[in-house]
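Structure, as structure tokens:
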Amino acid sequence: QLYEDLLNEFGPDLPRWGAEIKPDLTFRFNKTDLMFAKGESFLNEDFKTILADFFPRYVSIITAPKYRDDILEVRIEGHTSSAWLGAETEADAYIFNMTLSQARTRTTLAYLLNLSEVEQDRIWLRKYLTANGLSSAKVIVDEDGNEDPERSRRVEFKVRTDAEGKIATILEDTQL
């Protein structure tokens with residue numbers, strides 16, 4: 001149901017934002033050039049505008065009474081391609097990209113927490129919202145298994161729920 005609620009709320013905005021929502025509750029922003037300058041962690045003004053529209057609406061959905069108690073974590077994930085111009089080794093590129101992806105997620109987190117529209121949810125957000133830079137650990141590949149560098153460079157919002165706990169409770173209740 002949460003996926004449906006997110007899709008209903010954001011469906012019309014997805015093409016213009018270069019974003020997509022996955023059934024696993026991943027909200028993915030794909031246009032890296034819209035988000036950050038190459039190799040930088042400062043938010044572009046266009047991405048700030050998108051986030052200022054997106055995030056308060058996103059928070060109002062995930063903190064709704066029907067979902068709020070089932071949320072374990074809301075992750076902001078920063079992803080990069082495996083490339084780094086001037087890196088001497090793949091390991092160097094990975095470390096440089098880790099530093100960049102972590103800086104980007106922290107910058108994004110700081111911007112979001114300072115939005116006045118989410119002030120009433122800041123205590124909840126500080127408990128559940130995390131920033132995670134993943135470097136090139138989860139690149140996106142095409143059908144042939146080749147990395148798609150453009151799609152690999154992205155920011156994702158992921159909701160982790162307590163679905164397993166709910167299922168276990170239901171199973172326990174039915175066995176009593």
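Between Thr130 and Glu77 there is no side-chain heavy-atom pair separated by less than 4.5 Å. A 4.5 Å side-chain heavy-atom check between Leu43 and Leu51 finds at least one atom pair inside the cut-off. Glu90 has its side chain out of reach of Ser82: every pair of non-hydrogen atoms, C-beta onward, lies at least 4.5 Å apart. Side chains of Trp124 and Ile62 form a contact here, defined as non-hydrogen atoms less than 4.5 Å apart. Side-chain atoms of Ile140 and Arg154, non-hydrogen and from C-beta on, do get closer than 4.5 Å to each other. Under the 4.5 Å side-chain criterion, counting only non-hydrogen atoms from C-beta, Val74 is not in contact with Val59. When side chains are defined from C-beta on, Thr161 counts as touching Val159, because their heavy atoms get closer than 4.5 Å. Between Leu2 and Ile61 there is a side-chain heavy-atom pair separated by less than 4.5 Å.
Among all heavy-atom pairs drawn from His79 and Glu156, the shortest one is NE2-OE1, 3.4 Å. For Arg75 against Leu134, the heavy-atom pair with the smallest separation is NH2-CD2, 4.3 Å. Residue Gly78 comes nearest to Ser101 through the heavy atom pair O-CB, 3.5 Å, listed as atom of the first residue, atom of the second, then distance. Scanning all heavy atoms of the two residues, the minimum distance from Ser135 to Asn97 falls at OG-CB, 3.2 Å. Among all heavy-atom pairs drawn from Ala19 and Phe29, the shortest one is CB-CD2, 3.9 Å. In terms of heavy atoms, Lys66 sits closest to Asp70 at O-OD2, 3.9 Å.
Judged purely by atom type and a 3.5 angstrom limit, Asn8 uses its side chain to pair as donor or acceptor with the backbone of Glu4. Within the 3.5 Å criterion, the main-chain N or O of Glu40 finds a donor-acceptor partner in the side chain of Arg104. Asp142 contributes a side-chain N or O that, together with a main-chain N or O of Asn146, makes up a donor-acceptor pair within less than 3.5 Å. Using a distance-only test at 3.5 Å, with no hydrogens or angles considered, a donor-acceptor pair links the side chain of Thr107 to the main chain of Ser41. Under a 3.5 Å cut-off, the side chain of Ser136 and the backbone N or O of Val139 do not form any donor-acceptor pair. Remark: side-chain polar atoms of Asn44 are not paired, donor with acceptor, to backbone N or O of Phe47 under 3.5 angstrom.
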Name every donor-acceptor pair, under 3.5 Å, that has one atom in a side chain of residues 111-120 and the other anywhere in the protein, sequence neighbours excluded.
| from | atom 1 | to | atom 2 | distance (Å) |
| --- | --- | --- | --- | --- |
| Tyr111 | OH | Lys48 | O | 3.1 |
| Asn114 | ND2 | Ala110 | O | 2.8 |
| Gln120 | NE2 | Glu117 | O | 3.3 |

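Between the side chains of Ser81 and Arg153, at least one donor N or O sits under 3.5 Å from an acceptor N or O. Side-chain contact, Tyr67 with Asp5: a donor N or O sits under 3.5 Å from an acceptor N or O.
Taking CZ of Phe10 as the reference point, atom CZ of Phe27 lies at 5.5 Å (rounded to 0.5 Å). A distance of 11.5 Å separates CG of Leu129 from CD1 of Ile71, quoted to the nearest 0.5 Å. Between atom CD of residue Gln102 and atom CG of residue Leu100 there is a gap of 10.0 Å, rounded to the nearest 0.5 Å. Considering NZ of Lys158 and CD1 of Ile76, their distance stands at 13.5 Å, rounded to 0.5 Å. With values rounded to the nearest 0.5 angstrom, Lys38 atom NZ is found 7.0 Å from Leu85 atom CG.
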Is there a side-chain contact (heavy atoms from CB on, under 4.5 Å) between Leu6 and Tyr58 once you walk through the steps?
CA-CA 7 Å; Leu6 292 170; Tyr58 182 74; 3.8 Å; yes
Applying ring-ring contact (aromatic ring centres under 6.0 Å, His included) to Phe36 and Phe42, what does each step give before you reach the verdict?
CA-CA 6 Å; Phe36 306 96; Phe42 302 104; 9.5 Å; no
Does the side-chain contact (heavy atoms from CB on, under 4.5 Å) test come out yes or no for Ile50 and Leu34, once each step is laid out?
CA-CA 10 Å; Ile50 291 169; Leu34 181 75; 3.3 Å; yes
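Under the 4.5 Å side-chain heavy-atom criterion for Ile, Leu, Val, Met, Phe, Trp and Tyr, Leu25 and Leu72 are members of distinct hydrophobic clusters.
Between Phe157 and Phe55, the ring planes are tilted. Angles from 30° to 60° get that label. Note: Trp84 and Phe96 have tilted aromatic rings, judged against thresholds of 30 and 60 degrees for the angle between ring planes.
Summarising the local packing, CD of Gln1 is surrounded by more than 12 heavy atoms from other residues, nucleotides or ligands at distances under 6.0 Å.
With respect to the salt-bridge test (charged N to carboxylate O, under 4.0 angstrom), the residues Arg57 and Asp13 qualify.
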